[in-house]
Amino acid sequence: MINFPQKFLDEMQALLGDEYDDFIKSYDKPMNYGLRVNTLKLSPEEYLKLSGEHLKRVPWNELGFYYDGSQSYTKNPLYHAGLYYIQEPSAMRPAHLLPVSEGDRVLDMCAAPGGKSTALGAKLNGTGLLVSNDVSASRAKALLKNIEFFGIKNSLVLCENPEKLSGVFPEYFDKVLIDAPCSGEGMFRKKPSMTANWETFGPQHFGKIQREILLHGADMLKPGGFMVYSTCTFSAVEDEGSVTYLLNERPEMTCVAMERLWPHQVDGEGHFCALLKKGGQAPDIQKVPAYRYTPAKGLEAFYEFLKDAKITLDFETRRLVIQKNSLYYFPEEMPDFTGLHVIRNGWYLGELKKNRFEPSGAFARALTTEVCGHVLDFDRLDPRVVKYLKCETIEAGDASGQSSPENGWYLVCVAGYPLGFGKLSSGTLKNKYPVGWRW
């Protein structure tokens with residue numbers, strides 16, 4: 001039984017009227033659990049066929065499915081291959097509502113732990129630029145892991161406050177998502193302890209934070225661009241009140257659509273979303289300078305690795321960037337990020353060491369078997385998959401139908417989807433799975 005603050009109950013009764021009793025009764029229902037398929041890897045139909053599951057779709061996002069909470073979907077090799085993201089069903093709505101097109105520059109302002117950023121990255125499909133930001137350094141690390149897990153390579157992950165970002169990126173982004181910090185009323189069932197936080201920091205406290213963030217988000221949006229503002233709370237102060245404040249302070253912004261997902265009306269914990277558009281014409285002059293490339297030197301070990309692993313992917317030399325012995329492949333349009341706290345810039349390929357190259361897990365995750373000639377592909381029920389994910393040495397005989405595969409670097413896959421790299425010698429695979437990702 002949730003011990004709701006009385007002030008919260010009074011506010012909900014005033015807001016809901018005749019629906020209030022149904023709202024309270026909804027908290028007696030079981031929690032709803034959801035997963036969202038990663039379309040960078042496969043379609044929802046392909047996922048269902050591969051997993052052999054019969055799952056009910058989430059009505060407001062065709063990529064989402066409900067699953068039984070008694071099952072651990074994170075203890076599954078398909079999860080570790082980045083084929084889906086575990087996400088509360090209502091939380092799937094904001095990124096789905098933002099009309100992202102391939103080639104867009106997209107900002108996820110309050111991005112950690114990455115549920116909405118991974119959805120936006122899938123929409124971009126490897127094109128354009130995804131800037132994912134979170135003001136918390138510890139949360140930004142979790143954000144980075146999920147982005148790399150998903151195989152997103154056209155991203156810039158930052159840890160900055162909104163004020164600094166808006167000074168660097170004026171009218172730069174085609175689309176902006178702000179899933180703002182809030183009082184978390186939609187989280188009371190999942191985390192009953194949040195009721196105490198609500199009593200200490202209520203809607204008024206978070207409303208001030210949200211309104212400042214919204215202004216900075218609008219200032220970074222191009223004229224003609226779209227922004228989604230969302231919260232997991234029900235407070236009119238934080239939801240409609242914050243939108244009204246933005247429209248008053250930035251008259252070039254208009255509200256295109258506004259919606260609420262209530263827990264007594266849908267199978268979800270609830271969410272608020274507003275789709276907003278910025279009027280006017282995009283400026284002729286680009287206000288944000290592009291990253292200044294310098295030719296990268298000392299890439300012989302990297303090219304030798306590509307040859308050894310039989311990776312046929314074409315890399316544009318200009319976009320290969322070395323920073324402190326780390327090798328990155330930058331998105332086609334990388335802005336100048338000088339002075340920003342960068343967690344990751346572009347596709348992290350690996351480390352250049354003395355006379356050798358050590359590939360990263362992020363490199364593996366954004367590859368496909370079509371561009372790699374050295375592949376060890378295991379059935380998802382093969383016990384060696386879990387051993388590999390636990391960073392253990394494995395025997396590679398009979399993988400991918402080869403009884404004795406030749407020595408060298410290999411892309412290790414489950415059911416055809418990359419997990420990471422390994423180096424094979426005499427049938428034994430030296431495990432190169434990232435320790436920080438260990439099962």
Discussion item. Pairing donors with acceptors under 3.5 angstrom, does anything connect the side chains of T231 and E238?
Written reply: no

Response to the item:
Which of K190, K191, R189 passes salt bridge (Lys or Arg N to Asp or Glu O under 4.0 Å) with E269? It is R189

Practice prompt. Evaluate the criterion side-chain hydrogen bond (donor to acceptor under 3.5 Å, both in side chains) for residue pair D336 and T338; output intermediate values, then yes/no.
Written response: CA-CA 6 Å; D336 182 1; T338 303; 2.5 Å; yes

Fill in: Name of the residue among W347, Y348, W409 meeting ring pair (Phe, Tyr, Trp, His ring centres under 6.0 Å) with F363
W347

Worksheet entry | No-hydrogen, no-angle side-chain donor-acceptor test under 3.5 Å, N125 and E102 | yes

Fill in: Pairs flagged by salt bridge (charged side-chain N to carboxylate O under 4.0 Å, His left out) wherever residues 42-53 is involved - sequence neighbours left out
E45-R57

Practice prompt. For K141, look at atom NZ and say whether over 12 heavy atoms of other residues, nucleotides or ligands are found less than 6.0 Å away.
Written response: no

Discussion item. Using the side chain to side chain contact (heavy atoms under 4.5 Å, CB included) criterion, which residues pair with T317? Sequence neighbours excluded.
Written reply: Y303

Worksheet item: Under a 4.5 Å cut-off applied to non-hydrogen side-chain atoms, are L340 and F169 in contact?
Response: yes

Practice prompt. Using the test side chain to side chain donor-acceptor pair (under 3.5 Å), find all partners of E259 that sit at least two apart in sequence or belong to another chain.
Written response: R93

Worksheet, complete the sentence: Closest non-hydrogen contact found for G408 with Y410 is O-CD1, 3.2 Å

Item to complete: Indicate the ring-plane relationship of F188 and F4, choosing parallel, tilted or perpendicular according to the 30° and 60° boundaries.
Response: tilted

Worksheet item: Has E163 got more than 12 heavy atoms of other residues, nucleotides or ligands less than 6.0 Å from its CD?
Response: no

Worksheet entry | Check: D179/S230 side-chain N/O donor and acceptor closer than 3.5 Å | yes

Worksheet item: Cationic tip of K56 within the cone over Y66's six-membered ring, i.e. under 6.0 Å and within 45° of the normal?
Response: yes

Discussion item. Do H216 and S166 pair up side chain to side chain, a donor and an acceptor below 3.5 Å, judged on atom types alone?
Written reply: yes

Worksheet item: F234 ring centre to R260 NZ or CZ under 6.0 Å, with the angle to the axis within 45°?
Response: no

Discussion item. Can you give me the closest heavy-atom contact between P335 and V288, atom names plus distance?
Written reply: CB-CG1, 4.0 Å

Discussion item. Any carboxylate oxygen within less than 4.0 angstrom of a Lys/Arg side-chain nitrogen, looking at R365 and E148?
Written reply: no

Worksheet item: Would a 4.5 Å heavy-atom cut-off, applied to side chains only, mark T233 and F272 as touching?
Response: no

Fill in: Option from Y79, Y47, Y67, Y33 for which ring pair (Phe, Tyr, Trp, His ring centres under 6.0 Å) with Y73 holds
Y67

Worksheet entry | K390/E392 ion pair, N-O < 4.0 Å | no

Item to complete: Return the minimal non-hydrogen interatomic distance between A180 and Y229, and the atom names on each side.
Response: CB-CE1, 3.6 Å

